[in-house]
Every structure is written in structure tokens, then in C-alpha cells.
Protein chains: 2
Amino acid sequence: MPNISMKLLAKELGLSLSTVSKVFTDSHEISEQTKQKVLAMAKQLNYVPNPYASSLRKRKSKTIAVVLPEVADSFFSVAINGIESIAREKGYHVLIYLTHELFDREQAILADFQSGRVDGVLISVSNGTTNDSHINDMMQRGIPVVFFDRVCEETATTRITTNDRESGRLATQHLLENGCKRIAFLTLSESLSISRNRLDGCRQALAAHRLIFQENDLVLCTDKDADNRDIIKRLLQRKDRPDGIIASVEKLTAGVYLACRDLKMVIPKDVKVISFSNQSTAPILNPSLTTITQPAFEMGKAAAAALFNNLKRNNQQYKPETIVVPSVLVPRESTTGVHQG
Amino acid sequence: MPNISMKLLAKELGLSLSTVSKVFTDSHEISEQTKQKVLAMAKQLNYVPNPYASSLRKRKSKTIAVVLPEVADSFFSVAINGIESIAREKGYHVLIYLTHELFDREQAILADFQSGRVDGVLISVSNGTTNDSHINDMMQRGIPVVFFDRVCEETATTRITTNDRESGRLATQHLLENGCKRIAFLTLSESLSISRNRLDGCRQALAAHRLIFQENDLVLCTDKDADNRDIIKRLLQRKDRPDGIIASVEKLTAGVYLACRDLKMVIPKDVKVISFSNQSTAPILNPSLTTITQPAFEMGKAAAAALFNNLKRNNQQYKPETIVVPSVLVPRESTTGVHQG
DNA sequence: AGCTATTTCGCAACCGGTTTCGTAAATAAA
DNA sequence: TTTATTTACGAAACCGGTTGCGAAATAGCT
């Protein structure tokens with residue numbers, strides 16, 4: 001049995017195809033009476049209109065794409081929830097794509113969107129993204145793009161970020177206030193906007209305390225946990241070792257804890273640790289982990305909401321506005337030594 | 001400027017629309033020479049065929065749906081990676097939908113798929129799913145469905161699970177071998193297949209040791225962390241309190257650790273803890289957490305692979321096969337007291 | 001009643017590819 | 001050279017809705 005089409009529905013009702021179609025677009029041309037009749041029959045036959053036929057004619061897909069580096073990180077997991085929640089509200093569908101931090105894959109994914117597959121794109125750029133021409137191509141084709149979390153700052157469109165610089169500042173200040181004299185900053189990338197901004201904030205805070213950031217305290221880690229553990233161990237074995245560590249991404253936390261364990265160093269006595277993290281296990285780590293927690297769900301929602309705004313006014317000119325959803329610093333034992341609820 | 005269409009491309013080349021189309025389907029009817037010419041021009045003009053026009057005519061969307069309870073859990077996050085990796089390999093696109101554990105939302109989502117939006121469905125059923133008629137509807141329409149992780153055992157289609165029962169047995173046995181006399185089993189749902197199976201395994205292991213499971217040692221938790229903390233505290237304050245706890249889902253772990261902290265009970269001395277979890281922080285918890293780790297990535301891949309198999313042979317009859325990807329028990333301090341790497 | 005305005009619906013073109021079929025030219029077989 | 005095949009391409013129908021426009025039916029008005 002072929003899926004029932006609108007044509008079939010029309011024949012069943014003794015109406016024309018166009019009349020039935022107009023019922024579904026809720027056209028004023030159709031009387032309330034026949035609308036009811038059609039809707040009733042549709043429900044009875046379990047009819048669902050073919051979205052692709054509609055997309056073809058209307059040149060709208062009612063679909064957005066979410067392009068992410070990966071979903072291993074708990075930030076993106078939660079962000080997806082936020083995105084999905086408002087997409088569903090608007091009756092949109094969500095396609096998901098992973099770049100695995102590869103620039104060429106990111107380009108290939110966006111290139112496919114030239115086809116009209118999606119009406120808009122939400123993107124958190126990959127680690128290796130060096131330019132934004134693929135993004136601009138999208139927008140020139142009339143497909144709005146909204147950045148979230150990992151943004152391209154030069155690109156003229158809406159950006160949703162958290163207050164990365166401010167958070168970096170706060171994290172550093174928090175360490176200093178808890179007695180740290182020398183702070184190391186762990187990062188995965190020097191090019192990513194969020195990393196740069198967090199580091200900038202760190203530098204600012206140090207400067208405010210008349211300290212300057214030593215360049216060898218900027219530690220570039222890899223995406224392999226085992227390597228990071230070694231890298232951090234070496235950091236902690238230096239004679240001028242830091243007494244405070246900022247892990248600028250969630251996945252570096254484990255390396256710090258394990259390195260300390262290996263070296264029999266005690267957090268926070270020997271070294272204090274603060275991490276940019278959304279992990280729900282932060283309170284039950286030992287010691288519990290002081291975190292800068294990003295508002296992942298809210299950022300997801302804000303990003304989707306902004307995209308739908310840009311979708312509505314379909315001019316090609318989007319204002320390069322940056323919406324900032326602030327992170328919160330949650331102090332715990334790893335910096336304060338103080339145990340709390 | 002309208003997006004360039006195949007018709008435009010054809011005109012540009014002085015060829016007919018159908019000829020150009022046949023180039024893209026790599027038809028034998030077209031000479032190698034003109035194929036090259038068309039492809040070259042297509043690349044030059046940056047032409048990407050409209051997927052919806054193609055879907056409409058071919059009655060294939062090259063798209064699959066992934067229906068999940070939520071992505072807050074790290075299991076699903078990683079599973080998505082597995083799914084996406086093989087979908088991309090096959091040239092398929094991935095739509096994602098969240099049920100938020102609501103049965104009616106799950107039904108509504110699947111009902112939409114009657115439209116032909118997707119060629120196949122990967123689903124992990126919601127907590128509240130009580131029957132499988134919506135799944136069967138899908139399959140009768142010729143849309144294959146593959147379960148993963150949270151399956152419906154009665155439904156006649158492919159299922160990807162981990163060895164839940166065996167793992168429940170192993171977890172229990174592990175606790176017993178480490179000296180536990182009385183074991184509590186924390187769960188979120190009594191209806192979910194995975195919970196039931198894990199519990200069954202637990203019962204089996206106890207029986208093998210000539211112990212029987214006390215019904216009040218089955219503790220039903222909620223999805224609110226604060227409540228769970230209290231529930232677990234009450235459990236640990238009973239005079240016949242357990243000396244071993246199995247958390248059958250990841251998100252219950254925090255409750256156990258916090259409850260113990262509140263009561264000044266020491267893991268593993270006072271109570272040993274094992275958790276079904278994929279959290280990367282397990283090794284750095286204090287004490288480090290013994291886990292049963294599900295092979296999330298492999299399950300995602302297996303599920304997608306199975307779906308594509310069912311997609312290929314497009315008969316409506318799918319064999320109700322269950323593919324089991326085994327979990328691994330990683331012993332750590334929370335049960336053994338022994339510190340390791 | 002006569003005439004215009006409004007409501008309600010059907011016809012047909014259209015969205016952008018896909019595919020069947022027909023045909024002219026090129027090649028092979030007789 | 002004639003006939004049978006094969007090769008290479010174009011015309012047109014089609015997938016399943018959407019929409020502009022025209023026409024019939026009804027309502028409103030003098």
C-alpha cells in the first residue's frame with residue numbers, strides 16, 4: 001500500500017486537490033464546514049503531508065542544522081537539549097552534524113547546505129577553523145548562521161557566547177584570593193575564541209594584581225587524555241611550578257587530578273584547581289571541584305531563538321550582535337579547601 | 001539570485017535537463033565525455049542538487065531519525081557519535097528528537113514519520129513507553145526501526161543492547177566477592193527493559209550465593225537529584241542498611257556519594273558502590289568509582305549499521321534479532337578499596 | 001429583478017529533480 | 001549495401017504538495 005497522498009484524500013472526499021491543500025494551509029478561501037470535513041477524514045486516514053513536497057514548492061525546509069565539533073563534551077549534550085526544545089516549539093526539525101574538529105569536514109558539511117536542505121545553521125566552529133568564508137557563503141545564499149560558544153568574531157552575524165573573558169578573570173582572581181602566587185592555564189587550542197578570551201581574562205586579572213603571566217605557564221594540551229596527564233605532571237614537577245591551575249576545558253580536569261595523584265600532591269594544599277566544566281560530578285570529586293559552569297541549556301535556547309529571529313526577517317543583513325549568557329563560578333574544595341553541602 | 005538549479009546548469013551547457021540529471025545518477029546512458037563536461041561545470045558553478053526534489057521523486061530521504069529520551073546522559077552523547085560516524089559514511093543525514101521520557105511525545109514524533117521524512121528510525125524508548133503500537137505502525141509503513149539500549153523486547157525488529165542481565169550479575173557478584181552481605185539496587189524505572197534486566201541479573205547472582213533479594217532493597221529513585229540524595233540517605237540509615245549499592249543508572253551516582261558524605265559514611269569501608277556509568281570522571285572521584293561501562297560508541301555504530309542493513313533489504317519483515325555488545329566492569333576503589341593507576 | 005461584491009472551490013502551472021520511452025546517429029552484423 | 005544493434009541524448013510524465021487565477025455560487029444592495 002502506497003502511503004496515502006493528498007490526492008487520495010481529495011478523491012476520497014470528492015474534493016479537488018487544491019481545496020484539500022488549502023485546508024492544510026488554513027486558507028481563508030475554504031469554508032469552515034469543508035475544513036472540518038477534510039480534517040476529520042485526514043485524521044481518520046492517518047494522513048500526514050509529505051514534508052519534502054512542501055519544502056520543494058515553498059523553498060523552506062522547516063529544518064535547521066546544528067554543527068558541532070563533537071558531543072562527547074557535556075556542554076554540547078546539554079546545549080542540544082536547549083536547541084531541540086525551542087526548535088520543537090517552532091515546529092522545526094534538527095539535523096545534527098559533527099566536525100570532529102576538522103576544518104575540511106566543517107566546510108564539506110556547510111557546502112552541502114547550499115542545496116537548501118536547511119533553513120538555518122547553528123554552529124560551534126571546529127578547533128581547526130581558520131577562516132570564515134564557508135560561513136559567509138551560507139549567509140550570502142540567504143541561509144542565516146548563528147554561532148554559539150565557539151564563535152568567529154570577525155563574522156557579521158549573531159553570536160551566543162558566555163562571558164569567557166570575564167570568567168577567565170574571575171577564575172584567576174578566585175585563585176589569587178585563595179592564596180595562589182603562580183597560575184598555570186591549560187588549554188587545547190590557541191586559536192579558538194573561547195580559549196583566547198579565557199586566557200585574556202586570566203592575564204587581565206594577573207595584571208590587576210601587578211603580576212604578569214609567564215608564557216611557559218600557558219600549557220597546550222592535546223585531545224589524548226594519557227598525554228595530558230604526562231604534560232601536567234611535567235608542569236607540576238617544574239621547580240617554578242604553579243600553585244594554581246585553570247583547566248580551560250572540561251576534559252582537562254581528569255588529567256590534573258590524576259597527575260596530582262601520581263605525584264602525591266594534594267589538592268588544594270599543594271595546588272589549587274579550577275575548571276571550566278559542566279560535569280555533574282564536580283561536587284563528588286575528591287576534593288570537590290571548583291568550576292566555572294557554562295549555562296549550556298540557556299545558550300542552546302538562546303542560539304536557537306536568535307536563529308529563528310534571523311529566519312523571520314529574511315533579509316541577508318544580520319546584525320553582528322553578541323549575546324552573552326553569563327557563566328557562574330561555583331567555589332568548592334579544590335580551591336577553597338572548605339567543604340560545603 | 002536564486003540558487004542555481006539543474007535546469008540552469010543544463011541551459012548553461014546546452015544540454016537537456018534529463019541528460020544532466022543522468023550524469024548525477026551516473027547513468028550508463030551518458031558518454032564519459034559529457035559526464036566530465038557536466039561535472040566540471042557543476043563544480044565551477046558550485047552546484048548542489050536539491051535533496052528534497054530528489055527525495056520526492058525517489059521516495060527516499062537519505063535521512064534517519066534518532067529518537068532519544070534526552071542527551072544529558074553521557075551514554076547517549078557518545079552513542080550519537082557512533083551513529084553519526086556511520087551515517088556519514090553511508091551518506092545519510094541524522095535528525096534528532098528528544099522525548100524527555102514522555103510517551104505521548106514519543107508517539108507524536110513517530111507519527112510525523114508517517115510522512116516519509118525519514119527512511120529509518122533508531123530509538124531508545126522513553127521511560128513511560130508502555131506499548132509498541134507506534135513502533136509497529138512505522139514498520140508496517142515500510143520504515144525500519146532499530147532499538148538500541150532501551151528496547152521493547154516484544155517488538156519484532158533488531159535490538160542493540162549491552163549484556164544488561166549479565167552485567168547486573170557481575171556487578172552483584174563483584175560486591176559479594178568484596179565482602180558485601182546485603183545489596184541495594186537503585187533504579188529509576190521498574191518498567192524499562194534495561195533496569196529490569198540488570199535487576200534480574202542481580203537477583204540471579206544473589207540466588208547463586210544462596211541469598212535472596214529483599215524487596216525493600218530495590219530503591220526506586222526519581223529524576224530529581226535532591227530527592228534521590230534524601231532517598232539514599234534514608235536507605236543508609238535503616239537498621240538493616242545495605243553494605244553494597246548498585247546504581248543502575250549513571251545519574252544516581254552523585255546521590256550515593258553525597259548521601260554518604262552527609263552521613264559521614266566512608267566508601268568503601270561502610271558501604272561499597274558500583275555504578276552503571278560512562279562518566280569519564282569515574283577514576284577521579286573519591287574514592288574512584290567502580291563502574292560497569294557500556295560501550296556507547298560501539299552500540300551507536302552497531303545500531304546504525306543494523307538499521308542500514310534493514311534499509312537495504314526493504315522487505316517489511318525484520319528478524320527480531322538481538323545484538324549484544326558487552327559492557328565491561330572496571331573495578332576501582334569504591335568497591336575494592338584498592339588504589340590503581 | 002438586476003447588478004455588483006463576496007465566498008468557495010477547481011484548474012493548471014509550478015517547485016527541482018528522476019525516470020520511462022522514443023529517436024537519431026553510430027556501429028556491428030549479415 | 002542493407003538490416004539489426006547499440007550508443008547518446010531529449011521530450012514528457014511524474015513525485016506530492018502549493019498557489020495564482022478564473023468561475024460558479026451565494027450574498028448584498030438599489
Side-chain angles (χ1 to χ4, degrees), chain A residues 1-39 41-42 45-63 112-119 141-142, chain B residues 1-39 41-42 45-63 112-119 141-142:
Chain A
M1 179 188 74
N3 267 335
I4 70 162
S5 66
M6 188 177 274
K7 183 174 352 189
L8 219 77
L9 219 190
K11 183 152 53 172
E12 199 71 24
L13 286 155
L15 287 171
S16 84
L17 176 59
S18 54
T19 300
V20 175
S21 173
K22 285 170 185 168
V23 170
F24 285 97
T25 58
D26 201 29
S27 164
H28 67 276
E29 292 185 2
I30 306 299
S31 73
E32 200 54 41
Q33 187 179 330
T34 51
K35 276 185 185 173
Q36 296 309 328
K37 226 183 310 190
V38 172
L39 259 19
M41 179 66 82
L45 295 188
N46 215 335
Y47 167 72
V48 185
N50 183 312
Y52 298 138
S54 169
S55 294
L56 186 55
R57 179 64 222 248
K58 298 209 288 195
R59 296 157 159 281
K60 294 232 162 354
S61 64
K62 279 283 195 175
T63 303
D112 174 76
F113 297 161
Q114 306 274 357
S115 65
R117 187 183 296 280
V118 297
D119 296 342
R141 298 261 179 168
Chain B
M1 177 188 73
N3 267 336
I4 71 160
S5 66
M6 189 176 276
K7 181 169 3 185
L8 220 75
L9 221 191
K11 185 153 50 176
E12 200 71 25
L13 285 156
L15 287 172
S16 83
L17 175 60
S18 53
T19 300
V20 175
S21 173
K22 285 171 187 169
V23 170
F24 285 96
T25 57
D26 201 30
S27 165
H28 67 276
E29 291 185 4
I30 307 298
S31 74
E32 201 53 41
Q33 186 180 330
T34 50
K35 276 184 186 175
Q36 296 309 329
K37 224 180 316 188
V38 172
L39 260 18
M41 179 66 81
L45 294 187
N46 216 336
Y47 168 70
V48 186
N50 183 312
Y52 298 138
S54 168
S55 294
L56 185 55
R57 180 63 223 248
K58 298 210 287 195
R59 296 156 160 283
K60 296 235 164 342
S61 64
K62 280 282 193 176
T63 303
D112 173 75
F113 297 161
Q114 307 274 357
S115 66
R117 187 183 296 278
V118 297
D119 296 341
R141 297 261 181 168

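Every chain is numbered from 1, with letters handed out A, B, ... down the list of sequences. Given the structure is predicted, the values throughout are model-derived calculations rather than measurements.
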Which letters describe nucleotides 23-28 of chain C, given B = protein heavy atom under 4.0 Å from base, S = only from sugar-phosphate, - = neither?
------
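Between the OG1 atom in Thr34(A) and the NZ atom in Lys22(A) there is a gap of 11.0 Å [rounded to 0.5 Å]. Atom OG of Ser5(A) is separated from atom NZ of Lys11(A) by 8.5 Å, given to the nearest 0.5 angstrom. A distance of 11.0 Å separates CG in Leu8(B) from CG in Leu17(B), rounded to the nearest 0.5 Å. The distance from atom OG1 of Thr63(A) to atom OH of Tyr52(A), rounded to the nearest 0.5 Å, is 7.0 Å.
Scanning for side-chain contact (heavy atoms from CB on, under 4.5 Å) contacts around Thr19(B) gives Leu15(B), Ser16(B), Ile30(B), with sequence neighbours left out. Under the side chain to side chain donor-acceptor pair (under 3.5 Å) criterion, Ser21(A) pairs with no residue at all, not counting sequence neighbours. Ala10(A) meets the side-chain contact (heavy atoms from CB on, under 4.5 Å) test with Val20(A); sequence neighbours excluded. Taking Glu12(B) as the reference, Met41(B), Leu45(B) meet the side-chain contact (heavy atoms from CB on, under 4.5 Å) condition, with sequence neighbours excluded. In this structure, the salt bridge (Lys or Arg N to Asp or Glu O under 4.0 Å) partners of Lys35(A), at least two apart in sequence or on a different chain, are Asp26(A). Pro51(B) meets the side-chain contact (heavy atoms from CB on, under 4.5 Å) test with Ser115(A), Arg117(A); sequence neighbours excluded. A search for side chain to side chain donor-acceptor pair (under 3.5 Å) contacts involving Gln33(A) returns nothing, not counting sequence neighbours.
Residue pairs satisfying the ring pair (Phe, Tyr, Trp, His ring centres under 6.0 Å) criterion with at least one member in residues 3-23 of chain B, sequence neighbours excluded, are absent.
Across all non-hydrogen atoms, the minimal contact from Lys62(B) to Asp119(B) is N-OD2, 2.8 Å. Residues Ser61(B) and Ser55(B) share a closest heavy-atom pair of CA-OG, 3.5 Å.
Following rounding to the nearest Å, Ile30(B) (CD1) and dT19(C) (C1') show an atom-to-atom distance of 12 Å. Rounded to an integer number of Å, the gap from NZ of Lys37(A) to C1' of dT8(C) is 12 Å. In this structure, the CD atom of Glu29(B) is 13 Å from the P atom of dG22(C), given to the nearest Å. Distance CZ (Arg57(A)) to P (dG17(C)): 15 Å, rounded to an integer number of Å. Going from atom CD of Gln33(A) over to atom P of dC9(C) covers 8 Å, rounded to whole Å. Atoms NZ (Lys35(A)) and P (dT7(C)) sit 13 Å apart, rounded to a whole Å.
Interface limits on DNA chain D: the 5'-most and 3'-most nucleotides within less than 4.0 Å of chain A heavy atoms are dG16(D) to dC21(D).
Across the helix from dA1(C)-dT30(D) to dA26(C)-dT5(D), the helix axis at one end is tilted relative to the axis at the other end by 50° (nearest 10 degrees, each axis from five pairs).
Applying a 4.0 Å cut-off to non-hydrogen atoms, the residues of residues 17-28 of chain B that approach DNA chain D are Ser18(B), Thr19(B), Lys22(B), listed by residue number.
Residue Ser55(B) is out of contact with every strand shown, counting any heavy-atom pair closer than 4.0 Å.
A close approach under 4.0 Å does not occur between any side-chain nitrogen or oxygen of Tyr52(B) and OP1 or OP2 of dT18(C).
Where Ala53(A) and Lys58(A) each meet DNA chain D at their nearest nucleotide, the meeting point lying more 5' is that of Ala53(A).
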